[in-house]
Amino acid sequence: MANTYSQIFIHIVFTVKGRENMISDSWKDELYKFITGIVKNNNQKLYIINGMPDHIHILLSISSDIKISDLVRDIKANSSRFINTNHFVKGKFEWQEGYGAFSCSNSQLDKVVNYIKNQQEHHKKITFKEEYLDFLNKLKIDYDDKYLFRWIE
């Protein structure tokens, strides 16, 4: 729409079904490039993508004419198809139902980029569950434990 301007930064987090460590170092870069293509094909801008063998973090800017849920659905559906078509894993690869989408301000972009970039170091000190609950609590997001990701301790 003409004369419509927005700047919306979203930090998206989602996990492998069952929180299994299925994302291998041997093909994760191919996956990240594929997801970058999905974001670009939806006319959105990806700032960084990184993760661990059981989950992914994506920072992007999103325009006001697309729903976050539609974009995440496209990313998850197409990337799981990509993984399965390329036989990167034995059996069937799936993403766990649901995702986290957290807004951030322009002034926080560098901090969020560095946070995502340093996932491997970060997870030497904190579990995914602690990380995710920390997001929810710091942002004062109401949640019901029974609808959160399946946790693996």
Side-chain angles (χ1 to χ4, degrees), residues 1-20 22-23 27-86 88-89 92-119 122-123 127-152:
M1 178 183 305
N3 296 318
T4 301
Y5 306 98
S6 65
Q7 186 178 60
I8 306 165
F9 301 105
I10 304 293
H11 177 183
I12 298 169
V13 182
F14 52 88
T15 67
V16 174
K17 187 172 184 176
R19 293 274 327 287
E20 293 184 65
M22 295 182 80
I23 302 170
W27 53 265
K28 74 176 182 181
D29 288 340
E30 289 180 67
L31 173 63
Y32 295 169
K33 287 176 189 172
F34 187 81
I35 291 172
T36 300
I38 295 168
V39 172
K40 285 182 179 180
N41 287 339
N42 278 280
N43 299 314
Q44 309 308 307
K45 181 177 179 183
L46 189 135
Y47 286 83
I48 188 168
I49 181 171
N50 196 16
M52 297 296 291
D54 66 344
H55 71 279
I56 287 183
H57 292 258
I58 301 170
L59 176 63
L60 51 79
S61 61
I62 191 165
S63 61
S64 59
D65 63 349
I66 188 170
K67 291 181 188 176
I68 295 169
S69 60
D70 289 346
L71 181 59
V72 174
R73 180 201 61 224
D74 288 350
I75 291 169
K76 289 172 74 174
N78 289 307
S79 63
S80 61
R81 190 174 308 112
F82 172 76
I83 292 166
N84 288 319
T85 300
N86 286 287
F88 288 142
V89 299
K92 185 177 180 185
F93 180 91
E94 293 179 74
W95 295 110
Q96 190 160 321
E97 187 177 335
Y99 62 92
F102 311 106
S103 63
C104 66
S105 66
N106 196 349
S107 64
Q108 295 294 311
L109 276 185
D110 288 342
K111 184 177 180 180
V112 176
V113 165
N114 285 328
Y115 178 83
I116 293 172
K117 187 186 299 183
N118 294 308
Q119 278 294 290
H122 179 72
H123 282 291
T127 67
F128 175 72
K129 180 178 182 179
E130 292 167 329
E131 173 186 54
Y132 199 77
L133 292 175
D134 190 47
F135 284 142
L136 296 175
N137 293 323
K138 279 184 179 175
L139 297 169
K140 297 182 170 115
I141 298 173
D142 291 330
Y143 62 90
D144 186 332
D145 287 332
K146 69 182 177 181
Y147 296 114
L148 292 177
F149 296 123
R150 181 174 164 230
W151 306 117
I152 295 176

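The residues of the chain are indexed from 1 along the displayed sequence.
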Nearest 0.5 Å, please: how far is CD1 in Ile83 from CG in Asn78? 11.0 Å
Are the side chains of Cys104 and Leu109 in contact, using a 4.5 Å heavy-atom criterion? yes
So Phe93 and Ser79, do their side chains get closer than 4.5 Å, heavy atoms only? no
When you compare the side chain of Tyr32 with that of Ile56, does any pair of heavy atoms fall below 4.5 Å? yes
Anything under 30° is parallel, anything over 60° is perpendicular, the rest tilted; go ahead and classify Phe34 against Phe82. parallel
Is it the case that the side chain of Lys117 and the backbone of Asn50 share a donor-acceptor pair, with hydrogens and angles ignored and the cut-off at 3.5 Å? no
Heavy-atom side-chain contact between Trp95 and Val16 under 4.5 Å: yes
Please examine the side chains of His11 and Ile116, heavy atoms only from C-beta on, and report whether any two atoms are closer than 4.5 Å. yes
Check: Phe14 main-chain N/O paired with Gln96 side-chain donor or acceptor under 3.5 Å: no
Rounded to the nearest 0.5 Å, what separates atom CD1 in Ile38 from atom CD1 in Ile58? 8.5 Å
Quick one: which residue pairs count as a salt bridge (charged side-chain N to carboxylate O under 4.0 Å, His left out) with a foot in residues 30-57, not counting sequence neighbours? Arg19-Asp54
Tell me the closest heavy-atom pair linking Ile10 and Ala101, and the distance in Å. CG2-CB, 3.9 Å
